[in-house]
Visitor: 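Sharing a structure, written as structure tokens. Questions coming.
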Amino acid sequence: MFKFTTLYYRVDDTQTLETFFSETHLQLAEKLPGLVKSEVSRVEGKPGGESRFHMVYALYFATRASFELSMTSEPGIKLMQALKPWADAQLITWYYADSFEEKAIRRNSSLDL
């Protein structure tokens, strides 16, 4: 799979960020052709304290080629135009990557809950 991830930094005005995400980012992303699945994570912290990130949004595509086609579609262009001011203001960062999944090997442990 191929993954496009947007990381939203923690901001003072959380409501504006959440409104943009739910009314713009999410709405445009759901229209992307070739989108296999998406995943939203609300960051609760990091080891040792508070994280600088508020939210992570990952979009998954079958291949890099399908991702690239998606980003040149009308919804893809609109999505990038909507995200660019947030990136320019350094309120988000983003990356894309090859992604794979492995099943964890479960071993009996006293740490198992």
Visitor: According to the interplanar angle, ranging from 0 to 90°, do the rings of F67 and F2 count as parallel (below 30°), tilted (30 to 60°) or perpendicular (above 60°)?
Guide: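 Plane angle between 30° and 60°, so tilted.
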
Visitor: Would you say S41's side chain and V43's backbone share a donor-acceptor pair under 3.5 angstrom?
Guide: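 Such a contact is absent between S41 side chain and V43 backbone.
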
Visitor: Linking I/L/V/M/F/W/Y whenever their side-chain heavy atoms sit closer than 4.5 Å, directly or via other members, would Y9 and L17 fall into one cluster?
Guide: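 No, no single cluster joins them.
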
Visitor: Using modelled atom types only, decide if a donor and an acceptor are shared between the side chain of R10 and the backbone of R52 within a distance under 3.5 Å.
Guide: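 No; judged by distance alone, with no hydrogens or angles, the pair does not exist.
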
Visitor: For a 4.5 angstrom cut-off between non-hydrogen side-chain atoms, does I92 reach L83?
Guide: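 I92 vs L83: side chains touch.
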
Visitor: With sequence neighbours excluded, tell me which residues meet side-chain hydrogen bond (donor to acceptor under 3.5 Å, both in side chains) with E74.
Guide: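 E74 satisfies side-chain hydrogen bond (donor to acceptor under 3.5 Å, both in side chains) with K78 only.
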
Visitor: Are L79 and I77 co-members of a hydrophobic cluster defined by side-chain heavy atoms under 4.5 Å apart?
Guide: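 Looking at the clustering, L79 is in a separate group from I77.
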
Visitor: Where do H25 and Y8 land on the side-chain contact (heavy atoms from CB on, under 4.5 Å) test, with the steps shown first?
Guide: CA-CA 11 Å; H25 193 167; Y8 282 84; 2.5 Å; yes

Visitor: Check side-chain contact (heavy atoms from CB on, under 4.5 Å) between A62 and all other residues, then give those that pass, not counting sequence neighbours.
Guide: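 Per chain and number, A62 pairs via side-chain contact (heavy atoms from CB on, under 4.5 Å) with V36, S66.
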
Visitor: Could you tell me which residues satisfy side-chain hydrogen bond (donor to acceptor under 3.5 Å, both in side chains) with Y57, sequence neighbours excluded, listed by chain and number?
Guide: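 Y57 satisfies side-chain hydrogen bond (donor to acceptor under 3.5 Å, both in side chains) with no residue once adjacent residues are dropped.
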
Visitor: Is there a side-chain contact between V40 and F21 in this structure, where contact means two heavy atoms from C-beta onward sitting under 4.5 Å apart?
Guide: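 Yes. Closest side-chain heavy atoms under 4.5 Å.
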
Visitor: Contact between K46 and F53 at the side-chain level, heavy atoms closer than 4.5 Å - yes or no?
Guide: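 They are not in side-chain contact.
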
Visitor: I need the E44 CD to E50 CD distance, nearest 0.5 Å.
Guide: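 Spacing of CD (E44) from CD (E50) equals 12.0 Å.
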
Visitor: Would you mind reporting whether V56 and T6 have side-chain heavy atoms less than 4.5 Å apart?
Guide: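 Counting from C-beta outward, T6 and V56 never come under 4.5 Å.
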
Visitor: Considering only distance and modelled atom types, tabulate donor-acceptor pairs under 3.5 Å from the side chains of residues 93-104, sequence neighbours left out.
Guide:
none

Visitor: With heavy-atom distances below 4.5 Å as the criterion, would you say the side chains of S38 and Y60 are in contact?
Guide: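 No; the side chains remain at least 4.5 Å from each other.
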
Visitor: Look at the side-chain heavy atoms of Ile, Leu, Val, Met, Phe, Trp and Tyr, link any pair under 4.5 Å apart, and say whether M71 and M1 land in one connected group.
Guide: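 In one cluster: no.
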
Visitor: Do you reckon L32 sits in the same ILVMFWY cluster as M80, going by side-chain contacts under 4.5 Å, direct or chained?
Guide: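 Both belong to a single hydrophobic cluster.
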
Visitor: Specify the closest pair of heavy atoms between L35 and A29, including all atoms of both residues, with the distance to one decimal.
Guide: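 Residues L35 and A29, closest heavy atoms: CD2-O, 3.3 Å.
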
Visitor: Which residues pass the side-chain hydrogen bond (donor to acceptor under 3.5 Å, both in side chains) test with K31, sequence neighbours left out?
Guide: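 Partners of K31 under the side-chain hydrogen bond (donor to acceptor under 3.5 Å, both in side chains) test: none.
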
Visitor: Taking side chain as C-beta onward, heavy atoms only, is L7 less than 4.5 Å from M55?
Guide: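 Counting from C-beta outward, L7 and M55 never come under 4.5 Å.
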
Visitor: Ignoring hydrogens and geometry, is there a side-chain-to-backbone donor-acceptor pair from S73 to S70 under 3.5 Å?
Guide: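 Checked: pair present.
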
Visitor: Could I get the full list of side-chain hydrogen bond (donor to acceptor under 3.5 Å, both in side chains) partners for E18, not counting sequence neighbours?
Guide: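 Only R42, H54 meet the side-chain hydrogen bond (donor to acceptor under 3.5 Å, both in side chains) criterion with E18.
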
